[in-house]
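Below, each value reflects all heavy atoms present in this structure, side chains not excepted, and no hydrogens, waters or symmetry copies. Counting begins at 1 with the first residue of the sequence.
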Amino acid sequence: DTPYTWNWEGTSWETTTGEKFKKEEVILDYSIPQILDKLAKFPCQHLIITGGEPLIQQSEIAELLEQLPPDWIVEVETNGTLIPEKIAPMRAIQFNVSLKLPHSGNSSSKALKPESIQWFANYERSYFKFVVSTPEDLVFIRELEVTYNIPASRIILMPEGVTSKKLHEQLPSVAELCIQHGYRLSDRLHVHIWGSERAK
């Protein structure tokens, strides 16, 4: 979800900075064996697959999961527009579904696919994460909760903010919403630790 992962030279996409990136300089191309070799060097056995939208590459993810040791915990971050039919049967994957709210600038017709949302709502290991920016966001979240019968315990609210200061300002009001509606609260620890710095 950061420009260097998609806004390459030659694309028509606009960003606030207008900066373009050279794809060959920012994208790393690894084979499945190379990925598994890199994973084996970490002391944890918990893999989170994120993007972009990783479910566009379900066949490749399926190939990775086939070779990943069975005792590993796997989570997939998704925008909820695609059904993970190729990988869901493979193991007990947790899906973290970040549906885009109106304030994100994405049109509802592109960001909200009813069939996909219903699939994730029915899959007990799916959690719905929302970045809360305005009171209208809560109205929209409540509509989704009721329409798709999403348990409140599987809805996670996060404050909006790209600085630690902004998150600290927003956190109390978002926490109060969680208390009122039985939702879960998530901070954005990567912002507190690294801000907007790109991971090395």
When rounded to the nearest 0.5 angstrom, what is the spacing between [atom1] in [X] and [atom2] in [Y]?
| X | Y | atom1 | atom2 | result |
| --- | --- | --- | --- | --- |
| Gln67 | Leu39 | CD | CG | 11.5 Å |
| Gln57 | Lys86 | CD | NZ | 11.5 Å |
| Arg142 | Leu177 | CZ | CG | 10.5 Å |
| Arg188 | Leu167 | CZ | CG | 6.5 Å |
| Leu112 | Lys100 | CG | NZ | 11.0 Å |
| Gln58 | Met90 | CD | CE | 10.5 Å |

For [X] and [Y], which heavy atoms make the closest approach, and how far apart are they?
| X | Y | answer |
| --- | --- | --- |
| Gln118 | Thr147 | OE1-O, 4.4 Å |
| Ser186 | Ile156 | CB-CG2, 3.5 Å |
| Ser116 | Gly80 | CB-O, 3.1 Å |

Should [X] and [Y] count as side-chain neighbours, where that means a heavy-atom distance under 4.5 Å?
| X | Y | answer |
| --- | --- | --- |
| Tyr148 | Pro114 | yes |
| Ile117 | Leu99 | yes |
| Leu171 | Pro159 | yes |
| Phe130 | Leu144 | yes |
| Pro84 | Trp119 | yes |
| Phe95 | Ile87 | yes |
| Tyr127 | Ile155 | no |
| Leu65 | Ile93 | yes |

| task | Identify, with sequence neighbours excluded, every residue that meets side-chain contact (heavy atoms from CB on, under 4.5 Å) alongside Pro69. | result | Asp71, Trp72
| said: Run Asn122 and Phe120 through side-chain contact (heavy atoms from CB on, under 4.5 Å) and show every step you take. | reply: CA-CA 5 Å; Asn122 293 341; Phe120 286 110; over 6 Å; no
Would a single hydrophobic cluster contain both [Y] and [X], if residues Ile, Leu, Val, Met, Phe, Trp and Tyr are joined by side-chain heavy-atom contacts under 4.5 Å?
| X | Y | answer |
| --- | --- | --- |
| Leu82 | Phe128 | yes |
| Leu55 | Ile49 | yes |
| Leu36 | Val76 | yes |
| Tyr123 | Ile150 | yes |
| Ile48 | Met158 | no |

Report yes or no: do [X] and [Y] form a side-chain donor-acceptor pair below 3.5 Å?
| X | Y | value |
| --- | --- | --- |
| Thr81 | Glu53 | no |
| Glu77 | Thr50 | no |
| Thr11 | Lys20 | yes |

| said: More than 12 heavy atoms of other residues, nucleotides or ligands under 6.0 Å from CD of Gln180: yes or no? | reply: yes
Donor-acceptor pair, distance only, cut-off 3.5 Å: does the side chain of [X] make one with the backbone of [Y]?
| X | Y | value |
| --- | --- | --- |
| Arg154 | Arg125 | no |
| Asn96 | Ser126 | no |
| Ser173 | Gln170 | yes |
| Asp137 | Thr134 | yes |
| Arg91 | Val74 | no |

| Which residue pairs satisfy the ring pair (Phe, Tyr, Trp, His ring centres under 6.0 Å) criterion with at least one member in residues 157-191, sequence neighbours excluded? | His168-His192, His181-Tyr183
| task | Please collect all side-chain hydrogen bond (donor to acceptor under 3.5 Å, both in side chains) contacts where either partner lies in residues 34-48, sequence neighbours excluded, each pair once. | result | Ser31-Gln34, His46-Glu75
| message | Set out, in order, the CA-CA distance, both residues' side-chain angles and the distance that settles side-chain contact (heavy atoms from CB on, under 4.5 Å) for Leu47 and Ile73, then state yes or no. | response | CA-CA 6 Å; Leu47 174 64; Ile73 297 168; over 6 Å; no
